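Here is the structure we will look at.
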Amino acid sequence: MKRLLLLNGPNINLLGKREENIYGSFTLADIEMELKKIANENGFELDTFQSNHEGDLVDKIQQANSKYNGIIFNPAAYTHTSIALRDAILAIDVPVIEVHISNIHSREAFRHQSMLAPACAGQIVGLGKMGYRLACIALMEQAKQ
Ligand code: DHK
């Protein structure tokens, strides 16, 4: 069975309650349910994991080899700071698509740079929760080839 991982970083557990004007009113559970449904309809399993701790995210990425066909990853604030997450992505053979709910390029200057994007297969920003769906579809297409 082909398998995807939906990985979310710090404060994504607060979706629906945090800065709704930027992140919308949907919750992490909404996203997880939607992606599981899309994955299952296409014959994939989808696991989910959210953590506020950088090391836990590194561990999860390290364990992804030979377990997952792709990772949908919103690293949240660690996007802009984490060399450890970038190195973890570079260390595995699994394609990772970086997703941001908001358009990081139209926000504060410190959000414009992603430490992780150069290590990722692709990046989707600014499309709200649709970005997760598009990343999921792209990884399933790639895994079928
Ligand atoms: C989420 C966060 O928590 C921020 O730290 C990032 C990202 C943007 C998002 O748009 O999903 O800068």
Side-chain angles (χ1 to χ4, degrees), residues 2-42 44-65 67-143:
K2 297 204 163 159
R3 194 172 276 272
L4 300 174
L5 173 64
L6 169 60
L7 194 56
N8 279 287
N11 301 306
I12 301 297
N13 54 315
L14 297 181
L15 284 181
K17 295 196 266 254
R18 76 182 278 228
E19 298 181 281
E20 280 187 53
N21 55 321
I22 296 173
Y23 298 110
S25 54
F26 52 85
T27 65
L28 177 57
D30 293 336
I31 296 170
E32 291 180 342
M33 238 160 45
E34 189 177 332
L35 258 60
K36 266 183 199 280
K37 184 166 177 279
I38 295 170
N40 293 345
E41 282 168 2
N42 286 276
F44 282 72
E45 292 291 330
L46 184 125
D47 293 340
T48 62
F49 184 75
Q50 186 276 332
S51 178
N52 296 325
H53 305 280
E54 189 175 13
D56 291 346
L57 297 165
V58 170
D59 287 345
K60 208 71 187 172
I61 292 169
Q62 285 185 7
Q63 291 155 12
N65 252 350
K67 200 163 166 196
Y68 294 109
N69 300 92
I71 302 176
I72 302 141
F73 188 20
N74 186 345
Y78 289 136
T79 306
H80 319 295
T81 62
S82 182
I83 298 169
L85 286 170
R86 179 194 180 120
D87 288 348
I89 293 168
L90 287 171
I92 60 168
D93 297 324
V94 182
V96 177
I97 298 186
E98 181 183 313
V99 174
H100 298 288
I101 295 162
S102 66
N103 181 355
I104 54 174
H105 303 291
S106 68
R107 299 181 61 195
E108 304 97 320
F110 63 83
R111 294 186 204 275
H112 295 179
Q113 193 188 13
S114 168
M115 301 297 282
L116 310 191
C120 290
Q123 186 196 46
I124 300 172
V125 309
L127 302 180
K129 80 176 159 63
M130 192 203 303
Y132 287 96
R133 200 155 70 224
L134 296 175
C136 184
I137 291 166
L139 288 169
M140 290 191 300
E141 288 282 318
Q142 280 183 0

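Bear in mind the structure is a predicted one, so any value in this text is a computation, not a measurement. Whatever order the structure lists them in is the order used to number ligands and atoms, beginning at 1.
When only non-hydrogen protein atoms are considered, atom 7 (C) of ligand 1 lies nearest to His100 ND1, 3.6 Å. At the shortest separation from atom 10 (O) of ligand 1 among protein heavy atoms lies Ser102 OG, 2.6 Å.
For Ser82 (side chain) and Thr79 (main-chain N/O), no donor-acceptor pair under 3.5 Å exists by modelled atom type. Judged by distance alone, the side chain of Lys36 and the main-chain N or O of Leu46 form a donor-acceptor pair under 3.5 Å. Under the 3.5 Å distance criterion, the side-chain polar atoms of His80 are left unmatched by any main-chain donor or acceptor of Met115.
The salt bridge (charged side-chain N to carboxylate O under 4.0 Å, His left out) search around Lys37 returns Glu41, not counting sequence neighbours.
The distance criterion of under 3.5 Å between nitrogen or oxygen atoms is met by Ala77 with respect to ligand 1. Residue contacts with ligand 1: Arg107 is placed with no nitrogen or oxygen under 3.5 Å of a nitrogen or oxygen of the ligand (distance criterion only). Residue His80 places at least one N or O, backbone or side chain, under 3.5 Å from an N or O of ligand 1. In terms of polar-atom proximity, Ile101 is counted as a contact of ligand 1, with an N or O under 3.5 Å from an N or O of the ligand.
Within the structure, the closest approach of Tyr23 to ligand 1 falls below 4.0 Å when heavy atoms are considered. Residue contacts with ligand 1 include Arg18, since one or more of its heavy atoms lies under 4.0 Å from the ligand. Proximity of Thr79 to ligand 1 is not established, as no heavy-atom distance is less than 4.0 Å. Under a 4.0 angstrom heavy-atom cut-off, Asn11 registers as lying outside contact with ligand 1.
At a 4.0 Å heavy-atom cut-off, ligand 1 does not touch Ile22 at all.
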Donor-acceptor pairs are to be reported for all side-chain atoms of residues 56-65 against protein atoms at under 3.5 Å, with residues two or more places apart or in another chain.
residue, atom, partner, partner atom, Å
Asp56, OD2, Ser51, OG, 3.3
Asn65, OD1, Asp93, N, 2.9

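Counting atoms of ligand 1 from 1 in the listed order, those under 4.0 Å from a heavy atom of Ile104 are 8 (C).
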Kindly indicate, with the supporting measurements, whether the criterion side chain to side chain contact (heavy atoms under 4.5 Å, CB included) is fulfilled by Tyr78 and Leu116.
CA-CA 9 Å; Tyr78 289 136; Leu116 310 191; 5.9 Å; no
One pair to check against side chain to side chain contact (heavy atoms under 4.5 Å, CB included): Glu34 and Asp30. What are the steps and the verdict?
CA-CA 6 Å; Glu34 189 177 332; Asp30 293 336; 5.8 Å; no
Show your reasoning for whether side chain to side chain contact (heavy atoms under 4.5 Å, CB included) applies to His100 and Asn74.
CA-CA 6 Å; His100 298 288; Asn74 186 345; 3.6 Å; yes
